[in-house]
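Just below is one structure, and these are the notes that go with it.
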Amino acid sequence: QVQLVESGGGLVQAGRSLRLSCVASGSFFSIIAMGWYRQAPGKQRELVAGITSGGRTNYADSVKGRFTISRDNAKNTVYLQMNSLKPEDTAVYYCNADVALATTVSYRSWGQGTQVTVSS
C-alpha cells in the first residue's frame, strides 16, 4: 500500500508563488522517483517535474527557470516550488511516486490531486 497526500494548492495571482508538498507513506522498500504532473480541463496530463532517487531532475520546458523540485528523503516528501506563476499554470497537480516493493517489483501511485488556480 502506498499513499500520497498533496498539499499547498490554492488560488493566487499571477506572479506569486506556491509550494506544493507530497508525502508518501505505506509499505514499500524505497522510492525510486517522485514527480509532479498536471492536467487542465480538456488537456492531456503532462509531466511538470520529476526527481529520481539519484537526484536527477527533469522539467517541462514551460516551467524551467520558474519551478524547482526537491525532496526530503527522511520524510519521504517531494516539494514543488512554483514561482512566477502564470494563468497557464492553472491545473490540477498530481503527485506521483514510483516505489520499489521488492527487488524486481515497482509500483506507481498517484495522489488525489491539488488544484492550483492562477488568476490574471
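Residue numbers start at 1 and run along the sequence shown.
Both Ile31 and Leu101 are assigned to one and the same hydrophobic cluster, defined by single-linkage of ILVMFWY side chains at heavy-atom distances under 4.5 Å. There is no path of hydrophobic side-chain contacts, each under 4.5 Å, that joins Ile32 to Tyr94. At a threshold of 4.5 Å between side-chain heavy atoms, the hydrophobic network of Ile, Leu, Val, Met, Phe, Trp and Tyr places Val5 and Trp110 in two separate groups. With hydrophobic clusters built from ILVMFWY side chains whose heavy atoms lie under 4.5 angstrom apart, Val63 shares a cluster with Val118.
Within the 4.5 Å cutoff, side-chain heavy atoms of Cys95 are placed close to those of Met34. No side-chain heavy atom of Asp98 sits less than 4.5 Å from a side-chain heavy atom of Ser106. Contact of the Leu85 side chain with the Asn83 side chain is not registered, since no non-hydrogen atoms from C-beta on lie closer than 4.5 Å. Between Ile69 and Tyr79, every side-chain heavy-atom pair lies at or beyond the 4.5 Å cut-off. Inter-residue side-chain proximity for Tyr93 and Leu18 is flagged as unmet; no heavy-atom pair is nearer than 4.5 Å. Side chains of Gln115 and Thr90 form a contact here, defined as non-hydrogen atoms less than 4.5 Å apart. The side-chain heavy atoms of Val12 and Thr117, taken from C-beta on, include no pair separated by under 4.5 Å. Between Phe29 and Val99, the closest side-chain pair of non-hydrogen atoms is not below 4.5 Å.
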**Message:** With salt bridge (Lys or Arg N to Asp or Glu O under 4.0 Å) as the criterion, how do Lys86 and Asp89 come out once you've worked through the C-alpha distance, each side chain's angles and the decisive distance to 0.1 Å?
**Reply:** CA-CA 5 Å; Lys86 304 175 181 179; Asp89 294 319; over 6 Å; no

**Request:** Determine, stepwise, if the pair Gln81 / Ser70 fulfils side-chain contact (heavy atoms from CB on, under 4.5 Å).
**Result:** CA-CA 8 Å; Gln81 180 66 44; Ser70 61; over 6 Å; no

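Distance check: Arg108 CZ to Asn96 CG gives 4.5 Å after rounding to the nearest 0.5 Å. With values rounded to the nearest 0.5 angstrom, Ser84 atom OG is found 7.0 Å from Arg66 atom CZ. A distance of 11.0 Å separates CG in Leu80 from OG1 in Thr114, rounded to the nearest 0.5 Å. Rounding to the nearest 0.5 Å gives a distance of 14.0 Å between NZ of Lys75 and SG of Cys22. Atom CD of Gln3 and atom CG of Asn76 lie 11.5 Å apart (nearest 0.5 Å). Between the OG atom of Ser109 and the OH atom of Tyr107 there is a distance of 6.5 Å, given to the nearest 0.5 Å.
Between the Glu46 side chain and the Arg38 main chain, no donor and acceptor come within less than 3.5 Å of each other. Checking side-chain atoms of Arg71 against main-chain N and O of Thr77 turns up no donor-acceptor pair under 3.5 Å.
Aromatic pair Trp36/Phe67: centroids not less than 6.0 angstrom apart.
Arg16 CZ: 12 or fewer foreign heavy atoms inside a 6.0 Å radius.
Minimum interatomic distance between Ala14 and Pro87 (heavy atoms only, all atoms of both residues): CB-CD, 4.1 Å.
For the residue pair Glu6/Gln112, the side-chain donor-acceptor check at 3.5 Å is satisfied.
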